[in-house]
Amino acid sequence: MKKRNTLVPPTIVETGEGAIEYSVHKVSASLWPEMRSSLPDVDENQYRKLLVVPTFQECKCPVIEFTEEAAQEKDALLLVFLRFAEALVGRVRALGYWADFIDPTSGYSTVRGASPYCESAAAECFLPYSLQHVGFAAGGCNMISHPKWGLSCYPASIFFLCPLEVFQKTVREMYPEREI
């Protein structure tokens with residue numbers, strides 16, 4: 001585990017609709033220049049307080065499959081993530097803090113940054129998860145290989161400008177006794 005930026009190690013919470021693994025990380029000064037255009041509401045003086053929360057859900061099939069079954073599962077996982085992220089972000093915003101998340105279908109934050117957020121690059125920076133290059137005719141891309149689920153994982157990230165304790169309390173209030 002990349003300890004220097006990890007505030008909360010991977011933890012699984014049962015949302016009632018499905019399990020989501022999340023972890024919490026600080027942004028390093030060297031990573032911030034790559035992230036800033038994806039998060040236009042976070043200024044240069046705030047990034048040190050930014051909490052990055054990568055999430056993962058287990059898929060029954062590799063996310064690189066282009067089958068009807070895979071498409072249906074990705075749609076279902078998208079809905080679980082969106083409900084989780086919207087509820088969590090909404091509660092933190094109601095407390096007066098900034099929060100946002102990445103739309104997994106576009107790679108952009110909900111406030112529409114100038115550039116998409118790269119989930120695989122972030123996972124490589126924050127977590128000990130490896131990347132696997134998957135080649136296609138157009139050149140391919142790097143996919144996150146989860147240590148338990150391999151390529152059968154659905155990644156999406158959430159961001160907060162709030163104290164870690166506020167984030168943790170909010171998760172506990174939303175999902176009491178659901179951490180597994």
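Values reported hereafter were calculated over all heavy atoms of this structure, with side chains retained and with hydrogens, waters and symmetry mates removed.
- Evaluation of the salt bridge (charged side-chain N to carboxylate O under 4.0 Å, His left out) rule for R48 yields no partner, not counting sequence neighbours.
- Not a single side-chain hydrogen bond (donor to acceptor under 3.5 Å, both in side chains) links T55 to another residue, sequence neighbours left out.
- Applying the side-chain contact (heavy atoms from CB on, under 4.5 Å) test to S152 and every residue at least two apart in sequence or in another chain returns C59, P62.
- Every residue two or more places apart in sequence or in another chain that forms a ring pair (Phe, Tyr, Trp, His ring centres under 6.0 Å) with F101 is listed here: F81.
- Looking at residues two or more places apart in sequence or on another chain, you find a salt bridge (charged side-chain N to carboxylate O under 4.0 Å, His left out) between E173 and K169.
- Sorted by first then second residue, the side chain to side chain donor-acceptor pair (under 3.5 Å) pairs that include residues 85-95, not counting sequence neighbours, number zero.
- Checked against side-chain hydrogen bond (donor to acceptor under 3.5 Å, both in side chains), T170 has no partners two or more places apart in sequence or in another chain.
- Under the side-chain hydrogen bond (donor to acceptor under 3.5 Å, both in side chains) criterion, Q72 pairs with E68, sequence neighbours left out.
- For the ring pair (Phe, Tyr, Trp, His ring centres under 6.0 Å) test, residues two or more places apart in sequence or in another chain that qualify with W149 are H146.
- Under the side-chain contact (heavy atoms from CB on, under 4.5 Å) criterion, P147 pairs with Y129, sequence neighbours left out.
- Listed by first and then second residue, the salt bridge (charged side-chain N to carboxylate O under 4.0 Å, His left out) pairs that reach into residues 35-46 are R36-E44, sequence neighbours excluded.
- For A70, the side-chain contact (heavy atoms from CB on, under 4.5 Å) partners are C61, E65, T67, K74, not counting sequence neighbours.
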